[in-house]
Protein chains: 4
Amino acid sequence: MGVIERKEREKQKRRQDIVDAACEVLSEKGFATATVDDVSNRVELAKGTIYLYFKTKEELFMSVFIKGLDNLLDKYRETANLDLNPADMLDRLALSFYRYYKEDINYIKTAAYLLHEDIMEKIPPELSNEINHKAGMTQKVLRDVIQKGIDQGDFIDVDPRQVARILWGLSIGIAQTMVMRIHLNVPEDDVRELLVSAFNLVKRGLLRNQSGI
Amino acid sequence: MGVIERKEREKQKRRQDIVDAACEVLSEKGFATATVDDVSNRVELAKGTIYLYFKTKEELFMSVFIKGLDNLLDKYRETANLDLNPADMLDRLALSFYRYYKEDINYIKTAAYLLHEDIMEKIPPELSNEINHKAGMTQKVLRDVIQKGIDQGDFIDVDPRQVARILWGLSIGIAQTMVMRIHLNVPEDDVRELLVSAFNLVKRGLLRNQSGI
Amino acid sequence: MGVIERKEREKQKRRQDIVDAACEVLSEKGFATATVDDVSNRVELAKGTIYLYFKTKEELFMSVFIKGLDNLLDKYRETANLDLNPADMLDRLALSFYRYYKEDINYIKTAAYLLHEDIMEKIPPELSNEINHKAGMTQKVLRDVIQKGIDQGDFIDVDPRQVARILWGLSIGIAQTMVMRIHLNVPEDDVRELLVSAFNLVKRGLLRNQSGI
Amino acid sequence: MGVIERKEREKQKRRQDIVDAACEVLSEKGFATATVDDVSNRVELAKGTIYLYFKTKEELFMSVFIKGLDNLLDKYRETANLDLNPADMLDRLALSFYRYYKEDINYIKTAAYLLHEDIMEKIPPELSNEINHKAGMTQKVLRDVIQKGIDQGDFIDVDPRQVARILWGLSIGIAQTMVMRIHLNVPEDDVRELLVSAFNLVKRGLLRNQSGI
DNA sequence: CATGAATGAGCTTTCATTCAT
DNA sequence: CATGAATGAAAGCTCATTCAT
């Protein structure tokens, strides 16, 4: 009698197909240029069908963004599960973000776009709550590492929430500016090195005792 | 009899009026939603008049962005002219960016928006070069401070260009995430404190000798 | 269950409706003044619907022109199928063109208009090829008649292709100048008589032996 | 005290300059694409100045057309003044038209365009009367030749006005179709030969006695 | 559920024309 | 007379959304 479940599974699968197609389209054309037609062509469904799964274009493309957040969260948690001391963990988290940047640069490209006022106004609160929640979870991974560092006496006494927010902003900011450089046709920096250096600098700022660099 | 000069002045003033109106509109509605009509209504000029001063909507709104960069650059340079040691200078630059954030949050709101692929493609190269140049100047202020710190033996031996880029990304990233919080209707953090802490952390990472916090 | 065929038929019919409406509008207002809105109002469809069937205004109005060419070709061929000697055939072809002139004066009104440089540049090559082809078919009817006259020894030895082109230009030119007269508010000539006389004159020029008029 | 006359002369000269500029623009861009700005730039006068000499864009461009008619009339009259018998005169008139076609193809290109309903409605009656009159004068040249041929007993008894109209339509029609061929990117015929052959054919149709070709 | 034709509001952009200087 | 900045109506075209099938 798993008919209902199967139907539900199929529905979820179809929804996922649409999000995947939307993601590809979004990365190729950008939010303003991407159309629902583009997505429906890509996923080979009728345009009307898209609207059975997403109430508006905004909701559809926001789902893409949420999927991006999921990806980052996955990477962060994977790293957080490793048995490392907080200082080393920070290095690894920088690399995790870099992997995310490489794989999902499209999310970063469209993130600022999608989080704009007029778009946010058009999505239901559940969706923005979900974004909030997931962004919170991501920062929590960072926070926990900082907290552990403090607890172990490795790090100086700082507000872990605040440092998490700094590291988060730092990552986002570096990714954003690199994307800008691409759009401005400026040679891209070595983002990996930049992220690693940035986290290292902050880590050095956090460490209680330091002998030279 | 200065007629030509007066006309030129009036033209510049009118151009400025349009940019100012565009800025307000942009911050309220975002690039995709903001229309040239909105701007012409705000500035109380006919729509066609806007097109006498700006070839396209993209060019108009990009001019807003450039003005924002100018503002930040002014603030940075003002600070850079103070007679301070590099470490203290970093604190002041954090505050300068915060002042910029408070005054010109609109620019930050739309920055990532405006630097998007499809918009950049529609503006003449002169404009994107100008952006490049001005962004470069801004980072140069940061770079010079770092360099001075290294030269004076205060800071450890790092790549000043890279650190400048990190500080720039850090600032942008924190500003961006705060703007996101606003759009997500999440209580805003104390951005001032966040920026100051962030720069402090990095400064601590840069300083050669540290005793405790 | 011919659902697909029915849909296809309906689509063709709708397309035809649009072309018909465009034809009326075109004849009333001329290409530059006629708007897509005019057509959509006339055919009582939304403007966007027009663009589902025609990519541009140019393509739409060019289709009107092609339909006109089809009409003339039909009339020519109908006449060409009659069992007449070439000399008499020429008379009949003059009358066929006259019938076309009376029925489809709108096409003639806009023909030169539509074939203008800047319009031609905006239509896809398929369309201009189609026009070429159909205009060629029309002249071929004339050419064949001349050829037959030469072969039968009725007509002097001329280049049939050239004479076809002359007769074609003659017809178009007379029609055009009559349309001009209308626009200049000058009393229209008897176009029927004019066309018949013109063809007669050429026929007399072509005939090998002549006794008096 | 020729001040007034000089002023008048200067005014006429300036008017002529504008018409010349308009002619160039018209030939390069076509009526729909040509703008008053284009003309004012070309003639290096302010846009407003154009409107001191021409009430509307239509009036301006129609003046270009009239100038074209003048040119043809000049050529026709020059030829008509030669001491030739009517039959030879027809050959020469064909060549005159060909010269006009070569030199002033732009007038022919835009003629159909300009003579359209919606444009004619916007020009003052004086202007359309002028066109009428000049077109009449041109046909009169042809008519007189035919009349002379009839009077001399060379030509059969036809209505000279009608034949003039036929020759006129023939010329216009051939020119028009050749212009169309250009726009359709079809290799141009030898227009000279075509015009000469056409007039020859008609001449042969007009001549009372013919022995072979 | 799925479809895709139809909708029409809304966008950017152009340009003939005016008028204060 | 000459200017050219300002106007604003109007155009072509797009696309998110709906709904009858």
Side-chain angles (χ1 to χ4, degrees), chain A residues 7 10-11 14 32-41 44-61 122, chain B residues 3 6-7 10-11 14-15 32-41 43-61 122, chain C residues 3 6-7 10-11 14-15 32-41 43-61 122, chain D residues 7 10-11 14 32-41 44-61 122:
Chain A
K7 289 253 174 175
E10 280 172 2
K11 233 169 111 174
R14 179 148 288 190
T33 319
T35 66
V36 177
D37 264 302
D38 291 329
V39 178
S40 76
N41 288 334
E44 287 177 326
L45 286 171
K47 193 160 33 165
T49 308
I50 308 284
Y51 281 87
L52 295 175
Y53 293 85
F54 301 91
K55 268 202 288 297
T56 64
K57 183 194 177 191
E58 281 74 23
E59 208 176 305
L60 165 59
F61 286 124
K122 289 194 190 165
Chain B
V3 164
R6 201 203 58 215
K7 291 242 174 176
E10 280 171 4
K11 244 167 103 169
R14 178 139 293 187
R15 205 191 130 95
T33 318
T35 69
V36 179
D37 263 302
D38 290 330
V39 177
S40 74
N41 288 334
V43 74
E44 287 178 326
L45 285 170
K47 200 181 350 190
T49 308
I50 308 287
Y51 282 90
L52 292 177
Y53 292 84
F54 301 91
K55 270 201 286 297
T56 61
K57 183 195 176 190
E58 280 76 22
E59 208 174 307
L60 165 59
F61 285 125
K122 288 195 190 164
Chain C
V3 163
R6 202 204 57 216
K7 291 242 174 176
E10 279 171 4
K11 243 167 106 170
R14 178 139 292 188
R15 202 191 134 94
T33 318
T35 68
V36 177
D37 265 303
D38 291 330
V39 177
S40 75
N41 288 335
V43 73
E44 288 177 326
L45 285 171
K47 196 177 3 183
T49 308
I50 309 286
Y51 282 91
L52 291 177
Y53 292 85
F54 301 91
K55 266 199 289 298
T56 61
K57 183 193 176 192
E58 280 77 20
E59 209 174 304
L60 165 59
F61 286 126
K122 289 193 190 166
Chain D
K7 290 253 174 175
E10 281 173 1
K11 232 170 110 174
R14 177 147 291 190
T33 319
T35 68
V36 178
D37 265 301
D38 291 330
V39 177
S40 76
N41 288 334
E44 288 177 326
L45 286 171
K47 192 159 37 164
T49 308
I50 309 284
Y51 281 87
L52 294 174
Y53 292 85
F54 300 91
K55 267 201 290 296
T56 62
K57 183 195 177 190
E58 280 75 22
E59 207 175 308
L60 165 58
F61 285 124
K122 289 195 190 166

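A quick note: this is a predicted structure, and the numbers were derived from the prediction, not measured. Note that these values count all heavy atoms, side chains included, but never hydrogens, waters or copies made by symmetry. Sequence lines set the chain letters: A, B, ... in the order given, protein chains first and strands last, and positions in each chain run from 1.
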Would you indicate, yes or no, if F:dT3 has its OP1 or OP2 atom less than 4.0 angstrom from a side-chain nitrogen or oxygen of D:Thr49? yes

If you pin D:Lys47 and A:Glu44 to their nearest nucleotides in DNA chain E, which one's is more 5'? A:Glu44

Candidate nucleotides F:dT7, E:dT3, E:dT17, ranked by approach to the side chain of B:Leu45 - the nearest: F:dT7

F:dG12 P sits how many Å from C:Phe61 CZ, rounded? 8 Å

Mind calculating the distance between CD1 (C:Ile50) and P (F:dT14) to the nearest angstrom? 14 Å

Can you tell me if CD on D:Glu44 sees more than 12 non-hydrogen neighbours from other groups inside 6.0 Å? no

Just to confirm, is there a sub-4.0 Å distance from OP1 or OP2 of E:dA6 to any side-chain nitrogen or oxygen of C:Arg14? yes

Here's a test of your reading of the structure: between B:Tyr53 and C:Lys57, which maps to the more 5' nucleotide of DNA chain F? B:Tyr53

Would you mind reading off the distance between B:Leu52 atom CG and F:dT7 atom P, rounded to a whole angstrom? 9 Å

On DNA chain F, does the nearest nucleotide to D:Gly48 precede the nearest nucleotide to B:Ala46 from the 5' side, or the other way round? Give the residue. D:Gly48

Atom pair distance, as rounded to whole Å: NZ in B:Lys55 and C1' in E:dT14: 15 Å

Counting the atoms with a prime plus P, OP1 and OP2 as sugar-phosphate, which does C:Phe54 contact under 4.0 Å by heavy atoms, base, sugar-phosphate, or nothing? nothing

Does C:Tyr51 make a side-chain N or O approach to OP1 or OP2 of E:dT7 shorter than 4.0 Å? no

OP1 or OP2 of F:dC1 less than 4.0 angstrom from a side-chain nitrogen or oxygen of D:Lys11, does that happen here? yes

Base-pairing mate for E:dA20 - Watson-Crick or G-U, with both contacts under 3.5 Å: F:dT3

Classify the nucleic acid contact of A:Thr56 as base, sugar-phosphate or nothing, counting any heavy atom under 4.0 Å across all strands shown. sugar-phosphate

Compare the minimum distances between each of F:dA5, E:dC11, E:dA16 and the side chain of B:Thr35, then state the nucleotide with the smallest one. E:dC11

